[in-house]
Structures are given as structure tokens and as C-alpha cells.
Amino acid sequence: IVALGERALELEELSEVVRTQWDANSDQQQAAFLKLLHCGIDSPQAFLRALQTPSKSGIGKPSSGAQCPLNRLLQDANFKTLRGETVAALRRDLEQRLADRLELCREGNQPVLVTAPHNIYLLRDGHAPHAMEEYTTHIAQRLGRLFHGTSLSWSRLEQQRS
């Protein structure tokens with residue numbers, strides 16, 4: 001049931017991206033959403049990956065509209081492809097949406113990453129919900145600073161949503 005709930009949230013987030021990027025015409029929004037699903041794009045993260053081209057190092061990099069994997073999927077399905085400006089606007093919006101979920105604090109250049117995953121309420125398969133632990137973000141940030149590394153935690157916005 002938890003996995004189903006998480007899937008529903010991902011689809012709702014994807015639907016919100018479509019609503020903000022396509023014309024106010026709900027038929028066009030619905031058509032765009034269905035085309036994305038047809039192409040296997042079922043979350044904002046999958047959407048962003050489909051707008052990037054893998055580099056030789058394996059890390060995604062921005063691509064022109066014609067080269068992005070999403071346009072190849074759309075073309076293979078006999079759908080109209082996205083213009084380069086549309087791909088760029090979608091990529092910017094998705095990167096911002098996904099960045100707003102996390103707080104990354106770089107305190108130095110050492111290869112140390114301290115995480116605080118318990119600063120939100122967590123649902124785990126087969127377990128009772130895990131309560132938020134108040135000071136884990138603060139602790140992770142201080143340890144990152146102490147070790148001249150980086151800390152990673154959920155943003156305040158995500159904490160409020162949880």
C-alpha cells in the first residue's frame with residue numbers, strides 16, 4: 001500500500017509539472033500527460049532524465065531538444081517532438097523543483113558526505129511510520145562543517161510536506 005501511495009504521489013507531481021508547462025487547455029495537458037506515460041515517463045525524476053543526454057562519464061548533461069531521449073521516445077511513438085526552447089524550459093523547471101526538495105551544504109572540499117534522512121517522517125514497507133528526528137539536520141550540518149565535507153538533508157519545504 002505504501003508503494004502504491006508513493007507511486008500516486010509521483011504521478012501527481014508529474015501532473016503538476018504538466019499543468020504548469022502546458023497551455024491552460026486541460027485537453028492539451030491531459031494529452032501531454034498521457035504521451036509522457038506512454039513513453040515510460042512516470043515521475044518528475046524520470047522526466048528530467050529523459051530531457052538530458054548521458055555524457056561519457058555517465059552523468060547526465062543538458063541536451064538540445066532534438067537530441068534528448070524524450071524526443072526520441074516521442075518520435076518512436078509517432079508523437080510530435082518538443083522544441084529546443086520547450087526542452088530547456090522543462091529542464092529548468094524540473095531541476096528547480098527537485099532541488100527544492102533537498103538541502104545540500106558544502107562546508108569544504110573533503111570527500112565526506114553526512115546525511116540526515118530522518119529529518120522527515122518516513123514510511124517504510126512493512127514497518128510503522130518513522131517519526132521525524134528534530135536535530136538530525138543540525139547535527140549533519142555541523143559534522144559536515146567539522147570534517148570540511150558536505151551535508152545532505154531534506155529541505156524545510158519537504159519537512160513541512162511530510
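Positions are given from 1, in the same order as the sequence printed here. None of the values given here were measured: they were computed from a predicted structure.
Remark: Gln29 engages no residue in a side-chain hydrogen bond (donor to acceptor under 3.5 Å, both in side chains) (not counting sequence neighbours). Looking at residues two or more places apart in sequence or on another chain, you find no ring-ring contact (aromatic ring centres under 6.0 Å, His included) involving His138. Residues forming a side-chain hydrogen bond (donor to acceptor under 3.5 Å, both in side chains) with Thr115 (at least two apart in sequence, or on another chain): none. With sequence neighbours excluded, no residue forms a ring-ring contact (aromatic ring centres under 6.0 Å, His included) with His148. Listed by chain and residue number, nothing satisfies the ring-ring contact (aromatic ring centres under 6.0 Å, His included) test with Phe33 (two or more places apart in sequence, or in another chain). With sequence neighbours left out, Glu13 forms a side-chain contact (heavy atoms from CB on, under 4.5 Å) with Pro44, Arg101, Arg161.
For the residue pair Asn119 and Thr136, no side-chain donor N or O sits within less than 3.5 Å of a side-chain acceptor on the partner.
Leu143 places none of its side-chain heavy atoms less than 4.5 Å from the side chain of Ser151. Between Met132 and His118 the shortest side-chain heavy-atom distance does not fall below 4.5 Å. A 4.5 Å side-chain heavy-atom check between Gln52 and Leu48 finds at least one atom pair inside the cut-off. Contact of the Phe147 side chain with the Gln110 side chain is not registered, since no non-hydrogen atoms from C-beta on lie closer than 4.5 Å.
Here the shortest heavy-atom pairing between Asn71 and Val87 reads ND2-CG2, 4.3 Å.
Salt-bridge annotation for Arg142 and Glu107: absent, with no side-chain N of the basic residue lying under 4.0 Å from a carboxylate O of the acidic one.
Here the CG atom belonging to Leu36 is positioned 10.0 Å from the CG atom belonging to Asp42, to the nearest 0.5 angstrom.
Taking a 6.0 Å sphere around CZ of Arg106, one finds it holds 12 or fewer heavy atoms contributed by other residues, nucleotides or ligands.
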